[in-house]
Enquirer: 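Can you keep this structure in mind? I'll have questions shortly.
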Amino acid sequence: SYIVTENCIRCKYMDCVEVCPVDCFYVGENMLVINPDECIDCGVCEPECPAEAIFPDSDDRATAWAERNRSFSASWPNISRKGTAPADADEWKDKPGKEALFSP
Ligand code: SF4
Ligand code: F3S
């Protein structure tokens with residue numbers, strides 16, 4: 001499956017949600033995750049993310065986030081429509097070290 005990683009934190013652009021054919025994104029306070037059992041590996045969300053937060057699980061950058069996508073997608077609500085990104089999303093884009101800001 002594909003995995004959402006820390007680059008999503010506080011950016012939450014939700015362009016990914018718009019294109020997912022199976023609606024397998026789930027929304028937390030400051031980022032989204034993918035349910036890996038529902039993702040059909042189509043790959044269309046990956047290039048749509050302005051923050052480059054989405055990677056295939058075969059990518060090293062996805063490894064640290066795979067389990068969190070699995071566990072939090074089980075408890076966070078599903079999201080199938082794009083909402084409004086945080087007002088300061090662009091300021092958080094490309095910022096390093098955002099993993100520390102993860103808020104389940
Ligand atoms: Fe949805 Fe396809 Fe992205 Fe999986 S790879 S989350 S199915 S858009
Ligand atoms: Fe996050 Fe990118 Fe989607 S910032 S909400 S993974 S478009």
Side-chain angles (χ1 to χ4, degrees):
S1 79
Y2 280 67
I3 302 292
V4 184
T5 68
E6 68 186 74
N7 283 3
C8 180
I9 293 172
R10 298 206 180 178
C11 284
K12 216 179 179 180
Y13 287 109
M14 292 173 275
D15 298 40
C16 53
V17 170
E18 280 291 282
V19 299
C20 181
V22 295
D23 292 341
C24 63
F25 282 92
Y26 292 78
V27 57
E29 188 182 315
N30 58 19
M31 74 175 290
L32 269 56
V33 292
I34 290 169
N35 180 323
D37 295 328
E38 295 172 346
C39 173
I40 58 169
D41 264 332
C42 72
V44 300
C45 58
E46 183 186 14
E48 293 299 322
C49 175
E52 294 181 28
I54 303 175
F55 299 98
D57 58 10
S58 56
D59 191 298
D60 287 347
R61 289 166 290 188
T63 308
W65 286 88
E67 184 50 39
R68 270 177 277 202
N69 277 240
R70 178 172 293 281
S71 58
F72 289 106
S73 63
S75 57
W76 290 356
N78 182 256
I79 178 169
S80 57
R81 292 268 178 86
K82 180 179 173 173
T84 307
D88 58 353
D90 290 348
E91 289 165 40
W92 287 98
K93 194 166 160 260
D94 305 325
K95 279 228 170 122
K98 289 201 288 183
E99 183 169 9
L101 301 169
F102 177 65
S103 168

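Side chains are part of it too, since the values below use all heavy atoms of this structure and drop only hydrogens, waters and symmetry mates. The structure presented is a predicted model; accordingly, all values stated were derived computationally and were not measured. Start at 1 with the first residue, then count along the sequence. One-based numbering, in listed order, for ligands and for the atoms of each.
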Enquirer: Does a side chain donor of either Tyr13 or Asp90 reach within less than 3.5 Å of an acceptor in the other side chain?
Expert: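 The criterion, which ignores hydrogens and geometry beyond distance, is satisfied for Asp90 and Tyr13.
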Enquirer: Is the CG atom of Asp60 crowded by more than 12 outside heavy atoms at less than 6.0 Å?
Expert: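 Not more than 12 within 6.0 Å, no.
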Enquirer: With side chains defined as the heavy atoms from C-beta onward, is the minimum distance between Cys20 and Val44 less than 4.5 Å?
Expert: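 They are not in side-chain contact.
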Enquirer: Check each atom of ligand 1 against the heavy atoms of Val22 and keep those under 4.0 Å away; list them by number with element.
Expert: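 Near Val22, meaning under 4.0 Å from one of its heavy atoms, ligand 1 has 7 (S).
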Enquirer: Find all atoms of ligand 1 within a distance of less than 4.0 Å from any non-hydrogen atom belonging to Val44, and give their numbers and elements.
Expert: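 Atoms satisfying the 4.0 Å criterion: 8 (S).
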Enquirer: Would you check, one step at a time, whether the test side-chain contact (heavy atoms from CB on, under 4.5 Å) holds for Cys16 with Leu32?
Expert: CA-CA 9 Å; Cys16 53; Leu32 269 56; 4.0 Å; yes
Enquirer: I'd like to know if Ile40 contacts ligand 1, where contact means a heavy-atom distance under 4.0 Å to any ligand atom.
Expert: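 A heavy atom of Ile40 does come that close to ligand 1.
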Enquirer: Ignoring hydrogens and geometry beyond distance, is a side-chain donor-acceptor pair present between Glu38 and Tyr26 at under 3.5 Å?
Expert: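 There is such a pair between these side chains.
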Enquirer: If you count the atoms of ligand 1 from 1 in the order shown, which ones are under 4.0 Å from a heavy atom of Cys24?
Expert: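 Under 4.0 Å from Cys24, ligand 1 has these atoms: 1 (Fe), 6 (S).
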Enquirer: Give the numbers and elements of all ligand 2 atoms closer than 4.0 Å to a heavy atom of Asp15.
Expert: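 It comes down to these atoms of ligand 2: 7 (S).
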Enquirer: Could you tell me the separation between the CD1 atom of Ile79 and the SG atom of Cys24, rounded to the nearest 0.5 Å?
Expert: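 If we round to the nearest 0.5 Å, Ile79:CD1 and Cys24:SG are 12.5 Å apart.
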Enquirer: Before giving the answer on side-chain contact (heavy atoms from CB on, under 4.5 Å), spell out for Trp92 and Lys12 the whole-Å C-alpha distance, their side-chain angles and the decisive distance to 0.1 Å.
Expert: CA-CA 10 Å; Trp92 287 98; Lys12 216 179 179 180; over 6 Å; no
Enquirer: For Arg10 and Asp88, run salt bridge (Lys or Arg N to Asp or Glu O under 4.0 Å): C-alpha distance rounded to whole Å, both residues' side-chain angles, the deciding distance at 0.1 Å, then the answer.
Expert: CA-CA 8 Å; Arg10 298 206 180 178; Asp88 58 353; 5.8 Å; no
Enquirer: Return the closest protein heavy atom for atom 2 (Fe) of ligand 1 as residue, atom name and distance.
Expert: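 Residue, atom and distance for the closest contact: Cys42 SG, 2.2 Å.
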Enquirer: Just jot down the ligand 2 atoms closer than 4.0 angstrom to any heavy atom of Leu32, in number order.
Expert: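 With Leu32 as reference, the close atoms of ligand 2 come out as 5 (S).
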Enquirer: Nearest to atom 4 (Fe) of ligand 1, what protein heavy atom do you find, and at what distance?
Expert: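 The answer is Cys39 SG, 2.3 Å.
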Enquirer: Within this structure, what is the CD1-CD distance for the pair Ile54 and Glu48, rounded to the nearest 0.5 Å?
Expert: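 Answer for the CD1-CD pair, Ile54 versus Glu48, is 9.0 Å.
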Enquirer: Taking 4.0 Å as the limit for heavy-atom contacts, which would you say applies to Pro21 with ligand 1: side chain only, backbone only, both, or neither?
Expert: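 It is the side chain that touches ligand 1; the backbone stays farther off.
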Enquirer: Taking both backbone and side-chain atoms into account, decide whether Cys45 has an N/O/S atom under 2.8 Å from atom 2 (Fe) of ligand 1.
Expert: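 Looking at Cys45, which is the residue asked about, there is no N, O or S atom under 2.8 Å from atom 2 (Fe) of ligand 1.
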Enquirer: Of all the atoms in Cys20, is at least one N, O or S atom closer to atom 3 (Fe) of ligand 1 than 2.8 Å?
Expert: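 Given the 2.8 Å cut-off, Cys20 does not count as a ligand of atom 3 (Fe) of ligand 1.
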Enquirer: For ligand 1, which atoms, with element, lie under 4.0 Å from some heavy atom of Phe25?
Expert: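 So the answer, numbered in order with elements, is 6 (S).
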Enquirer: So, Asn69 side chain and Ile3 main chain: donor-acceptor pair closer than 3.5 Å or not?
Expert: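 Here the side-chain-to-backbone pair does not exist.
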Enquirer: Taking the six-membered ring for Trp, is the centroid-to-centroid distance between Phe25 and Trp76 below 6.0 Å?
Expert: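 Ring centres of Trp76 and Phe25 not closer than 6.0 Å.
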Enquirer: Nearest non-hydrogen atom to atom 2 (Fe) of ligand 2 belongs to which of Pro50, Cys49, Cys16, Cys11?
Expert: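 Among Pro50, Cys49, Cys16, Cys11, the closest heavy atom to atom 2 (Fe) of ligand 2 belongs to Cys49.
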Enquirer: Should you measure from each heavy atom of Met14, which atoms of ligand 2 turn up under 4.0 Å away?
Expert: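 The atoms of ligand 2 under 4.0 Å from a heavy atom of Met14 are 3 (Fe), 5 (S), 7 (S).
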Enquirer: Is the contact between Ile54 and ligand 2 made by the side chain, the backbone, both, or neither, using heavy atoms and a 4.0 Å cut-off?
Expert: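 The side chain, only.
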Enquirer: Any idea which atoms of ligand 2 are less than 4.0 Å away from a heavy-atom of Cys8?
Expert: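 Reading through ligand 2 atom by atom, the close ones are 1 (Fe), 4 (S), 5 (S), 6 (S).
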Enquirer: Relative to the heavy atoms of Gly43, which atoms of ligand 1 are at a distance of less than 4.0 Å?
Expert: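 Counting atoms of ligand 1 from 1, those under 4.0 Å from Gly43 are 2 (Fe), 5 (S).
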